[in-house]
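Proteins come first, then strands; the chains are lettered A, B, ... in the order of their sequence lines, and each starts at number 1.
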Number of protein chains: 2
Amino acid sequence: MLPTRRCPLSQRTTLADVAAAAGVSVSTASLAFSGAGPIAAATRERVLAAAAELDYSGPNPLGRQLRSGRSGIVGVVVGDALRRSFRDPVSVQMLDGLVGTLGEMNLGVLLIPGPTDPSEPPVDPLVLSAAMDVAVLLWASGSADPVLAALRRRGVPTVVVEGIPEPDVATVGIEDRQGIAQVAQHLVDLGHRRIACVALPFDRTRGEGVVDAERLAQVQWQITRRRLDGMYDAGVQPVAVYETPASLVEHGAAAGRALLSGADRPTAVLCQSDLLASGVVLAARELGLAVPGDVSVAGFDGLDLPWLAPDVLTTVAQPLAEKGAEVGRSVARLLEGTYPPPVVMPVELRVGTTTGPAPA
Amino acid sequence: MLPTRRCPLSQRTTLADVAAAAGVSVSTASLAFSGAGPIAAATRERVLAAAAELDYSGPNPLGRQLRSGRSGIVGVVVGDALRRSFRDPVSVQMLDGLVGTLGEMNLGVLLIPGPTDPSEPPVDPLVLSAAMDVAVLLWASGSADPVLAALRRRGVPTVVVEGIPEPDVATVGIEDRQGIAQVAQHLVDLGHRRIACVALPFDRTRGEGVVDAERLAQVQWQITRRRLDGMYDAGVQPVAVYETPASLVEHGAAAGRALLSGADRPTAVLCQSDLLASGVVLAARELGLAVPGDVSVAGFDGLDLPWLAPDVLTTVAQPLAEKGAEVGRSVARLLEGTYPPPVVMPVELRVGTTTGPAPA
DNA sequence: ATGAAAGCGCTAACAG
DNA sequence: CTGTTAGCGCTTTCAT
């Protein structure tokens with residue numbers, strides 16, 4: 001057994017020590033570090049020298065934070081357990097854009113796991129008690145979202161991504177309803193009448209399988225709801241809707257196997273995400289079905305999917321990194337103390353090689 | 001133009017207000033929330049009722065943090081720009097294990113971008129001034145790492161992953177040198193003599209291409225260094241070492257194209273990561289080379305790589321999620337005030353279908 | 001340009 | 001079990 005060695009748990013020297021060593025007042029020493037006020041160059045030098053002498057590496061953030069009432073932290077509640085969110089390029093690319101923008105404003109990102117399965121508590125403890133100036137909610141379920149409710153109670157200004165615009169939060173979203181309508185119309189134009197739908201999760205129970213009418217009425221998550229509505233907008237009444245527990249290739253593959261191995265299989269599968277769609281394509285190949293000869297497949301997101309090569313998925317592209325940057329800008333507005341107007345970003349139909357005329 | 005509406009920037013009510021409303025002292029009110037001390041059930045109820053009445057959602061974290069000297073935050077410096085780190089399952093799976101363990105201890109993870117290219121400052125501002133009780137450094141370059149130096153200056157206890165054990169930091173690593181030696185020996189046993197190596201980045205300049213002896217002597221990042229040494233341990237003198245800017249499929253593919261299209265191409269390529277190796281396999285296929293008939297390819301990490309199907313990569317598996325959990329445990333030790341002994345986790349050679357006898 | 005004073009909101013000793 | 005007393009380390013008026 002090694003002897004346990006103590007480690008120093010925090011710095012000892014304070015601004016007061018440095019000020020004393022430099023022969024100035026604490027307030028002057030503070031200015032030397034923050035630069036927020038008039039100070040003689042010589043004085044600053046003296047303070048900095050004293051700091052170096054004492055191994056003082058700058059004002060303690062905890063003191064600064066309490067005094068200024070700001071933590072410099074943005075809590076980001078991701079849409080799922082981290083393990084799954086990180087596997088979804090949609091979340092990752094957005095997060096990347098967001099972290100970049102926030103970094104420029106000297107804000108840090110506190111990662112908060114989102115709603116997992118119902119066996120877990122609905123709200124992570126960090127949501128309840130971590131220090132944060134603003135929160136960002138990816139994939140909020142709607143105005144009754146328990147996480148959103150908790151943040152409201154705390155009075156934490158919040159940016160909701162893919163939610164519903166509401167007076168007391170900032171919102172960033174995309175034209176997904178119109179986008180899905182476009183790609184659905186594209187399938188109709190190709191002559192498809194038997195169209196199945198592979199949907200994102202309905203709620204935190206994260207069920208899996210073809211749903212009945214009752215379940216279909218229970219969709220809680222707004223992103224899923226809107227994308228279903230977009231499909232209806234194009235006049236498509238799907239022959240089946242398959243609910244998935246997460247936007248991942250394996251769930252798309254499972255959906256594909258279920259939908260395409262039955263007797264009167266659909267001629268087209270409209271998926272609410274690219275990852276789900278690529279799973280469906282893989283399942284179709286597995287089953288020996290030609291894409292798009294036997295079945296057309298379309299997705300949503302506009303991801304780069306090299307493993308589908310030589311196929312290119314028909315999809316609706318959304319500007320992921322820019323969406324993240326836009327969220328960052330909304331965060332900045334909230335910090336300034338005003339609610340930015342809701343942002344809705346455009347999407348674009350991109351016809352690839354996975355959709356074609358309905359088979360005769 | 002919409003009228004800008006003000007948003008409330010922080011809660012107004014304090015513990016003192018609640019205490020007054022409940023007719024108790026602040027310290028008693030504090031106990032009602034923290035539970036850290038004896039308090040009559042009736043009193044607690046009264047305080048909580050008063051809090052609900054006043055819409056008080058709990059003690060302000062900033063006050064608590066300053067007073068207790070703890071932020072409840074663990075700063076995690078990832079090994080690269082987030083955009084790239086998130087695309088690497090090695091980082092993501094470890095992060096997932098880490099966040100899970102830390103979550104149980106009610107600690108939050110502050111994401112800090114790691115060393116990108118030299119045009120950027122070597123140390124993210126968050127490293128210098130964000131509040132954190134402990135820092136975790138993924139992929140530290142060695143004892144001269146500027147990020148580690150900054151954390152030392154601040155006196156932030158640190159866990160270094162894949163670094164060198166040093167007295168004033170906690171270390172978690174794997175037996176990568178031995179692992180690489182094993183897989184290198186495996187290639188030698190198969191009769192390979194012309195072996196090329198595709199390496200992880202050497203330093204933050206993140207060069208790309210076959211390196212000369214001079215450059216090979218400049219490897220700064222310890223993980224790369226150790227994996228090179230493991231190869232030498234097995235007696236392999238590579239015919240070429242290719243430096244990559246990041247552990248990503250596309251860089252592996254570029255390396256593969258460069259190494260396999262020349263005249264006297266190697267019969268085996270030993271890669272320091274699975275993502276790099278899978279790129280090499282794809283490049284070989286592109287060039288019409290049979291794997292392993294014409295060229296054997298081996299990796300390191302033990303990732304699931306479905307897009308290589310039906311091939312299964314020969315690799316050395318490391319326990320990623322458990323490594324993350326182990327890092328979490330080291331964080332806990334540091335918070336208790338002691339340095340845990342260095343942790344070294346085992347790895348395991350897994351022979352797949354991408355390595356075979358050297359061609360005659 | 002510098003200094004003095006006043007807290008930010010909370011918890012932890014300690015005394016009762 | 002509850003109240004009193006002291007700050008945690010810093011920034012920010014406000015004088016000077």
For the [atom1] atom on [X], are there more than 12 heavy atoms of other groups (residues, nucleotides or ligands in this structure) within a distance under 6.0 Å?
X: A:Glu120; atom1: CD; answer: yes
X: A:Glu322; atom1: CD; answer: yes
X: A:Arg204; atom1: CZ; answer: yes

> Start at the 5' end of DNA chain D and walk down; is the nucleotide closest to B:Gly63 or to B:Val24 reached first?
Replying inline: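 Nearest-nucleotide comparison on DNA chain D picks B:Val24.
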>> On DNA chain D, compare the nucleotides closest to B:Ser25 and A:Ser34; which residue's is nearer the 5' end?
In response: B:Ser25
Taking atom [atom2] of [N] as reference, at what distance in whole Å does atom [atom1] of [X] sit?
X: A:Arg70; N: D:dC10; atom1: CZ; atom2: C1'; result: 16 Å
X: B:Phe33; N: C:dA12; atom1: CZ; atom2: P; result: 15 Å
X: B:Leu62; N: D:dT11; atom1: CG; atom2: C1'; result: 13 Å
X: B:Leu66; N: C:dG7; atom1: CG; atom2: P; result: 17 Å
X: A:Leu31; N: C:dA4; atom1: CG; atom2: P; result: 14 Å
X: B:Ile39; N: C:dT11; atom1: CD1; atom2: P; result: 12 Å
X: B:Arg46; N: D:dG3; atom1: CZ; atom2: C1'; result: 13 Å
X: B:Gln65; N: C:dT11; atom1: CD; atom2: P; result: 11 Å

Between [options], which nucleotide has the shortest distance from any of its atoms to the side chain of [X]?
X: B:Leu15; options: D:dC1, C:dC10, C:dA1; value: C:dC10
X: A:Ser27; options: D:dC8, C:dA5, D:dG3; value: C:dA5
X: B:Pro38; options: C:dT2, C:dT11, D:dC1; value: D:dC1

Within the pair [X] and [N], is there a side-chain N or O less than 4.0 Å away from OP1 or OP2?
X: A:Thr14; N: D:dG9; value: no
X: B:Tyr56; N: C:dC10; value: yes
X: A:Ser30; N: D:dT11; value: yes
X: B:Thr28; N: D:dT2; value: no
X: B:Arg67; N: C:dG9; value: no

> Contact class for A:Thr43 vs. all strands (heavy atom < 4.0 Å): base, sugar-phosphate, or nothing?
Replying inline: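 Contact class for A:Thr43: sugar-phosphate only.
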> Got A:Pro61 and B:Arg154 here, is their nearest side-chain heavy-atom distance under 4.5 Å?
Replying inline: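 Result yes, sub-4.5 Å side-chain heavy-atom pair found.
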> Parallel, tilted or perpendicular: which fits the ring planes of B:Phe86 and A:Phe86, with parallel below 30° and perpendicular above 60°?
Replying inline: parallel
